[in-house]
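One structure is given here, and the rest of the page talks about it.
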Amino acid sequence: MKRLFIMFVTISCIAGSCTDKDDNNVDAVNIRIKNTSNLTFDEVQVGDAGKVHMNIAQGDYSDYLEYETAYSYAFVEIKSDSATYTLQPFDFVGETELPIGFYTYELDITEEGEVAIEFKID
């Protein structure tokens with residue numbers, strides 16, 4: 001019986017139930033940031049909701065934050081050291097809101113100092 005329990009826990013963790021998704025609302029849009037740049041992100045604001053992802057090291061992920069409305073791309077402002085990098089979409093005409101779920105914005109800073117975004121469904 002003990003072996004069966006250990007096997008069940010192991011399979012559950014491998015299947016993804018041991019992630020940071022557990023603490024979030026599965027009835028909301030949950031977004032996290034992955035820092036794919038060579039900088040440390042001190043603050044990342046996504047959209048105009050006033051939500052800020054804090055202290056994301058190179059190659060790391062932020063925690064998920066809940067959003068009422070989100071799209072596959074968004075306004076993004078990154079603060080790193082004393083520099084600020086901004087991605088400002090022109091509009092969302094023709095875009096549909098993301099359904100309830102978990103998403104990742106992979107963010108990078110180009111050599112030209114522009115924000116590059118790659119959208120992932122988790």
Side-chain angles (χ1 to χ4, degrees):
M1 190 62 146
K2 185 176 179 182
R3 287 183 188 176
L4 182 60
F5 175 75
I6 292 172
M7 187 168 60
F8 173 78
V9 170
T10 302
I11 291 171
S12 295
C13 286
I14 291 171
S17 65
C18 292
T19 68
D20 56 354
K21 290 181 185 180
D22 293 341
D23 295 334
N24 289 82
N25 185 352
V26 294
D27 294 328
V29 175
N30 294 274
I31 297 175
R32 69 179 174 175
I33 304 300
K34 180 178 182 187
N35 180 352
T36 60
S37 77
N38 293 324
L39 305 171
T40 296
F41 296 163
D42 299 322
E43 296 180 9
V44 178
Q45 179 181 344
V46 174
D48 59 359
K51 306 223 182 222
V52 178
H53 301 263
M54 304 289 293
N55 302 319
I56 311 166
Q58 301 170 19
D60 280 350
Y61 292 87
S62 70
D63 291 332
Y64 285 96
L65 295 180
E66 295 177 17
Y67 289 82
E68 284 185 34
T69 304
Y71 299 90
S72 59
Y73 68 99
F75 167 82
V76 175
E77 183 176 85
I78 299 170
K79 293 182 180 177
S80 179
D81 291 325
S82 61
T84 300
Y85 306 93
T86 305
L87 173 64
Q88 177 67 59
F90 293 107
D91 61 45
F92 294 101
V93 174
E95 291 293 316
T96 57
E97 293 179 9
L98 293 173
I100 293 168
F102 292 87
Y103 305 94
T104 299
Y105 291 158
E106 292 186 1
L107 301 178
D108 194 5
I109 307 296
T110 67
E111 290 181 16
E112 294 80 24
E114 297 176 356
V115 177
I117 185 171
E118 189 170 332
F119 175 74
K120 303 282 184 176
I121 300 171
D122 297 336

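For clarity, every value in this text was computed on a predicted model and none was experimentally measured. This chain uses plain numbering: 1 for the first residue, then up along the sequence.
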query = When rounded to the nearest 0.5 angstrom, what distance separates CG in Asp60 from OG1 in Thr36?
reply = 12.0 Å
query = Got a second to check how far His53's NE2 is from Tyr64's OH, nearest 0.5 Å?
reply = 11.0 Å
inquiry  = Set out, in order, the CA-CA distance, both residues' side-chain angles and the distance that settles side-chain contact (heavy atoms from CB on, under 4.5 Å) for Ile109 and Val115, then state yes or no.
reply    = CA-CA 5 Å; Ile109 307 296; Val115 177; 4.1 Å; yes
task = For Ser62 and Arg32, test the side chains for any donor-to-acceptor distance below 3.5 angstrom and give the result as yes or no.
result = no
inquiry  = Under 4.5 Å between side-chain heavy atoms, counting indirect links through other Ile/Leu/Val/Met/Phe/Trp/Tyr residues: same cluster for Leu87 and Val44 or not?
reply    = yes
ask   = Do side-chain atoms of Gln58 reach the backbone of Asn38 as a donor and acceptor pair under 3.5 angstrom?
value = yes
query = Taking the side chain as C-beta and beyond, is there a heavy-atom pair between Glu97 and Tyr71 under 4.5 Å?
reply = yes
Heavy-atom pair with the smallest gap, counting every atom of Val29 and Ala70 = CG1-CB, 3.8 Å
ask   = If you look at every heavy atom in Tyr61 and Ile56, which pair is closest and at what distance?
value = C-CG2, 4.1 Å
remark   = All heavy atoms of Glu43 vs all of Val52, minimum pair found to be CB-CG1, 3.8 Å
message = As an exercise, state the distance from CG of Asn55 to CG of Asp63, rounded to the nearest 0.5 Å.
response = 11.0 Å
ask   = Passes side-chain contact (heavy atoms from CB on, under 4.5 Å), Val46 versus Tyr67? Steps please.
value = CA-CA 9 Å; Val46 174; Tyr67 289 82; 3.5 Å; yes
Over all atoms of both residues, closest heavy-atom pair of Asp91 and Val93 = OD1-N, 3.1 Å
message = If you take the centroid of each ring, where Trp contributes its six-membered ring, are Phe119 and Tyr73 closer together than 6.0 Å?
response = no
More than 12 heavy atoms of other groups within 6.0 Å of Glu68 CD = no
request  = Could you grab the distance from atom CD1 of Ile117 to atom CD of Glu106, nearest 0.5 Å is fine?
outcome  = 10.0 Å
remark   = Correct closest heavy-atom pair for Ala74 and Gly47 would be CB-N, 4.4 Å
ask   = For Ser80, which residues count as a side chain to side chain contact (heavy atoms under 4.5 Å, CB included) partner, sequence neighbours excluded?
value = Leu39, Tyr85
message = Please tell me whether Leu65 and Phe75 are part of a single hydrophobic cluster in this structure, the criterion being side-chain heavy atoms less than 4.5 Å apart.
response = no
request  = State, to 0.1 Å, how close Ile100 and Val26 come at their nearest heavy-atom pair, and which atoms those are.
outcome  = CG2-O, 2.8 Å
ask   = Could you give the distance from CD1 (Ile33) to OH (Tyr103), rounded to the nearest 0.5 Å?
value = 14.5 Å
